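Numbering of ligands and ligand atoms starts at 1, following listing order. Just so it is clear, the structure is predicted and the values come from calculations on it, not from any experiment. Heavy-atom basis, side chains included; hydrogens, waters and symmetry copies ignored.
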Amino acid sequence: MEKEDISGVNIHPIAIRLLSWYSEYKRDLPWRNNNDSYQIWISEVILQQTRIDQGIGYYLRFLERFPNVASLASASEEEVLKVWQGLGYYSRARNLHQAARQIITHHNGILPSSYHGLISLKGVGAYTAAAVASIAFGLPHAVLDGNVFRVLTRLFAIETAIDSPIGRKMISEIAQSLLPEEDPGSYNQAIMDFGALICTPLQPRCNACVLQESCMAYAKGDVTIYPIKERKTKISNRYFHYFHILQGNRTYLQKRNQPGIWRNLYEFPMIETMQPADFMQLKQTDAFKELFPEVTTLSFEPKLVLRHQLTHQHIHTRFYQVEIPERVTFTPPSALFVTQSEELHNYPVSRLMHKYLETI
Ligand code: SF4
């Protein structure tokens, strides 16, 4: 692709227009105020699968509690999960924590300043390595995220599916060819902001777009068919029934040990069913009889019904509140009891549990 020569620096016309748009419209975000690589890394991880308005609060709280690699590495995983609570995709927090320990052990406590050093860290993939390398260290690595895929497939009307190896390679090459040598970090942020604010998924603002005359999808008159995908994400449905058990000022929590979502987080005792189940159906299950061998519940209606959406799963959830008289001997399997008013809030819980606790 041809680049213009401005003051001795080769730069593609699309990059010029994106950078000029960015200098005027870039979002004022706290991690853009300095070049601290640790802060940029944390912001990039928090913003994956998180809206910016929600991410800012978490970013500020995370940095207040863990201001540098050393403080993050020396914390317990439970402390890190607690600060992350409510943000979802908890593997990001676990990976950040393990990566901080890796940095202490293998990199003298300093975040690596090369792409290869960054990508060797736990949980750091191509996107995060390119973002941190370019923004914090000025290295020429183009980022590829959903925004970039959308902008580039529309600009060049790319018909190849972006979830095919060939499509991904093609877009990666185009992204790299547009990247200016000078200040690649600003360019990367510019194209991502542009995708988030102008070239949006459903109603792109083509009339306000500084790239309109170069946009092949616009010229064809059909922008929203891009990006093209081969596979639809397969969604599975799961049915969770939680029991918020109250016995005086006590309630019960279990630690989720099994691999998969929410590992090492705490939750109320729960039963998962293969199909939707109301309370009467639930009562017939072996899991229910094991959990409540002799107890008559006082409430049959769920206190809260929620549908929680993850990338590949829809979790249909019912929270029941069950009151058990103090005189009754009751010990749910592998549960720990905590005081409802104080201790309950010290444990890291999933976003779903967090929503319930906020509601009550
Ligand atoms: S003209 Fe529309 S589709 Fe093309 S880059 Fe601009 S906003 Fe996106």
Worksheet item: Using 30° and 60° as the class limits, which term best fits the ring planes of Phe330 and Phe292: parallel, tilted or perpendicular?
Response: parallel
Worksheet item: Checking side-chain contact (heavy atoms from CB on, under 4.5 Å) against Ile14, which of Leu152, Ile174, Leu211 comes through?
Response: Leu211
Practice prompt. Using a cut-off of 2.8 Å, count how many protein N, O or S atoms are strictly closer to atom 6 (Fe) of ligand 1.
Written response: 1
Discussion item. Does this structure show an ion pair linking Arg27 with Asp193, if we count only N-O contacts that are shorter than 4.0 Å?
Written reply: yes
Practice prompt. Could you tell me whether Glu78 and Lys82 make a salt bridge, using a distance below 4.0 angstrom between a side-chain N and a carboxylate O?
Written response: no
Worksheet entry | salt_bridge(Glu159, Lys220) N-O dist < 4.0 Å | yes
Discussion item. Over 60° means perpendicular and under 30° means parallel, so tell me whether Trp21 and Phe194 are parallel, tilted or perpendicular.
Written reply: perpendicular
